[in-house]
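Each remark here refers to the structure printed beneath this line.
Computed from a predicted model, the values in this text were never measured in an experiment. Atoms within each ligand, like the ligands themselves, are counted from 1 in listed order.
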Amino acid sequence: MQDGWLRRALEVKRDGGALDDATWTRIIDGYVDGSVEEACVAALAMAVAIRGMDLAEIAALTEAMVRSGDVLAYPRLSERGVRVVDKHSSGGVGDTVSLVAVPLAAACGVPVAKLSGRALGHTGGTLDKLEAIPGVRTDLSPAAFVAQVEGIGCAIAAQSARLVPADRQLYALRDRTGTVPSTGLIASSIVSKKIAGGADAIVFDVKAGRGAFMRTVEDALALSETLVRLAARFGRRASALVSDMEEPLGAAVGTGIEAVEARDFLRGDDRDPRLAEAIFAVVHEMLRVGGVADEEIAPRTLDALGSGAAYERFVQLVEAQGGSRTTVDELSVDGRRTSALAGRSGFVTAIDAVAIGEQARELVAAGGPFAGIRITARVGTPVRAGEVLAECIGDGVPAATIAAAFTVGDAAPAARPLVAKMVRDAQAAVPSNGLRS
Ligand code: URA
Ligand code: CA
């Protein structure tokens, strides 16, 4: 039987009021130990999804969730005053940024502890891309993850079940009850995992557009502001970018073919300009929140790429996680190709990122990790009838189906900026090893 306090708390949220910190802690503790009924938590999530939460409530929920599990720390770095950075993407198509940005930031002297997720819906997952490299594992133990970050300055691994178990439980409930879209619940879910992962500083890449969970720049900006303010309440440096997901980000869409794109980018063999713009924007923020002086950021980044140091760091990461230099050097895209062709002449005015993401997933399911889609004509590109829009790599999806994801119109569309908004913390944030200050 539930106590009266819980019912009163639900009534407060139903009527649009705010709960105090102790009540949030009591609810989450009770949910995890089974003494608070799931029906009550579902009702609370719905009330929050409709009524919202203030920042103090979001912080109290976040802190209660962090305390439900283990919290990682990097004592060999923190005792030298070195900040550990994590980078989060809200999920996109052709978003190969993490595979490049993580070793690149590390090569610039900023350690990165990247806890990552699997593919969700039509969006790709960084873990699936990295695991496409033969031998590479991402199920690192917390101790191995910490040791690798302290040793070579970077790791990309799956979230362990011991970090934020309350989020796992709450997210599954939200998924069943239509309460995933809530700025407060999303922000506490994301930030709790970053804090539990031991990050001193965080960069959030919040996608906006038809291929993203946030459809509009306004919604993505509201989430970005909440993420940065929430991180700041925990003494974490943070930046959030609102970036375009109206069309796929990089040219490659799949798993292993995105790993190939990342390798080629790092080696300097091939640098897609749109992907490069995204990578430079994200790495800039990673170095900024990692404590690198503004005027040093660009030269360090260019030097790490030009000297090969960033590529070497990628190879070290792969080796530390079970792969080898040879497997990285020899990665190659599947040779089976058909071309998706333009049906008319004009300009590419739209590329349906959801359709491309889903088709790439089918190609990978049928043909393995080195199948997928390579886009050759981006939005704004002039094309003639019969010209190639994309390469279909592998088989299982007809090239004509891929071509149907492209819209060709008479006039070039207005250019959209890749990074629509940037939210930065007030530089004064004090690094803190504890939880909320
Ligand atoms: N990603 C998360 O980790 N949590 C959410 O609630 C939504 C997206
Ligand atoms: Ca995610």
**Item:** Proximal atoms of ligand 1 relative to Lys193 (non-hydrogen, under 4.0 Å)
**Value:**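 This gives 2 (C), 3 (O), 4 (N) as the contact atoms.
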
**Request:** Considering the heavy atoms of Ser189, write down every atom of ligand 1 situated less than 4.0 Å from one of them.
**Result:**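 Reading through ligand 1 atom by atom, the close ones are 2 (C), 3 (O), 4 (N), 5 (C), 6 (O).
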
**Request:** Would you confirm whether Arg162, through its side chain, and Gly69, through its main-chain N or O, come within 3.5 Å as a donor-acceptor pair?
**Result:**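 Between the backbone of Gly69 and the side chain of Arg162 there is no qualifying donor-acceptor contact (under 3.5 Å).
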
**Item:** Non-hydrogen atom of Ile190 closer than 4.0 Å to ligand 1
**Value:**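 In this structure, Ile190 qualifies as a contact of ligand 1 - some heavy atom is under 4.0 Å.
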
**Item:** Part of Tyr171 with heavy atoms under 4.0 Å of ligand 1, whether side chain, backbone, both or neither
**Value:**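 Side chain only.
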
**Item:** Distance in Å, Ile28 CD1 paired with Asp167 CG, rounded so as to fall on 0.5 Å steps
**Value:**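 One finds 9.5 Å between CD1 of Ile28 and CG of Asp167.
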
**Request:** Ignoring angles and geometry beyond distance, decide whether His88 reaches within less than 3.5 Å of ligand 1 through its nitrogen or oxygen atoms.
**Result:**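 Between His88 and ligand 1 (N or O atoms, distance only) the closest approach is not under 3.5 Å.
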
**Prompt:** Does Asp20 pair with Arg26 as a salt bridge, N-O distance under 4.0 Å?
**Reply:**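 No.
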
**Message:** Check Arg416 with Glu247, please: is the shortest side-chain N to carboxylate O separation under 4.0 Å?
**Reply:**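 Yes, charged N to carboxylate O under 4.0 Å.
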
**Asked** Is there a donor-acceptor contact under 3.5 Å linking the side chains of Thr255 and Asp128?
**Response**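 Distance-only check fails for Thr255 and Asp128.
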
